[in-house]
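Scroll down for the structure; my scribbles are underneath it.
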Amino acid sequence: MKLSQSQVKTLASQGFLVLPERFSEKEVALLRSQVPALLKENHPGNVIEKEPGWKFGEGAGKSWGKDSDVVRTAMGLHLRNEVFNTLVHHPKLIAPGFQVRPEPMYIQQVKVNVKAAFSGSVWQWHYDFATHHKEDGVPRPLALNLHIFLDDVSHYNGPLYFVPGSHRHGEHGARLDDQTTSYPLWVVENDVVETLVNQNGIQAATGKKGTMLIFYDTLLHGSPNNMSPWDRSIFSLILNPVSNAYQKSHRPDYKHHRDLTPITMAEPNCLESFYELAESK
Ligand code: SIN
Ligand code: MN
């Protein structure tokens, strides 16, 4: 479950790491089976895409059986669903986190970013620490973002774009954008993005379902609209060291959970007892 020395080096130098097909087909089928019911819930943690006119046509959000009110992100999932509550303890997901940060960490955020077919809209250029620091008063950029692809992610359905090595430039400056999408985000100005991209390039994080990503809090990233006919849903867990906890709590708890209990690791087969849930769908 641990990373090799060369993977640890790649993560340190690029600021992100792609672990192809780390979760099995069965595990991903189970996770996917839980999503439609969660997206239908009338829950404040379900943030709906802003409708810019041409979107939400026939076929939007295909896999999830929805043609309107397309969910952009569904948050707080470990408190809403037993499978996701088990997943956040899975050693495949969190052992690399402890390898990188061998200290007690708490669950900061748990979500699925849906990025629905034809409808899922942009995540502007940003780095997560800007939001963590400015909104939640997190002192230092030590949080880790751990992703699992719940759909195949290609160059066409809105993959994450990373600027390799940009985490080593520290903070990039940020401005709150609460207009572009339905999710207020601290974004980075274009001239800063241009300089970093001209130095370091852009890399799209693509791969099959079950692929995992790890990335650092000051890594510059974003993702384009999904105008393809294919959904692009990604699960995300953010862990933050307890020693680096939030100091402000004006945002809803599903954006930054208040419980500082250190996360524990479950057994590698922890999801198996739920497999029948996926088979019955
Ligand atoms: C995305 O889902 O494309 C953006 C995720 C992130 O910014 O962490
Ligand atoms: Mn982000």
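Below, each value reflects all heavy atoms present in this structure, side chains not excepted, and no hydrogens, waters or symmetry copies. On a predicted model such as this, the values are computed, not experimentally measured, just so you know. Both counts, for ligands and for their atoms, begin at 1 and track the order of listing.
- Remark: aromatic rings of His221 and Phe215 are close, center separation under 6.0 Å.
- Taking the six-membered ring for Trp and the full ring otherwise, the centers of His78 and Phe84 sit at least 6.0 Å from each other.
- Between Trp125 and Tyr161, the two ring planes are tilted [angle within 30° to 60°].
- Annotation: angle subtended at the Mn ion (ligand 2) by His126 NE2 and Asp128 OD1 is 90°, to 10°.
- Residues Phe149 and Phe23 keep their aromatic ring centres 6.0 Å or farther apart.
- Paired with His132 under the rule side chain to side chain donor-acceptor pair (under 3.5 Å), one option of His256, Arg140, Gln108 passes, and it is Gln108.
- By the 6.0 Å and 45° rule, Lys255 stacks over the aromatic ring of Tyr183.
- Listed as neighbours of ligand 1 are Asn113, Trp123, His126, Asn145, His147, Leu160, Phe215, His221, Ser223, Arg232, each bearing a heavy atom under 4.0 Å from the ligand.
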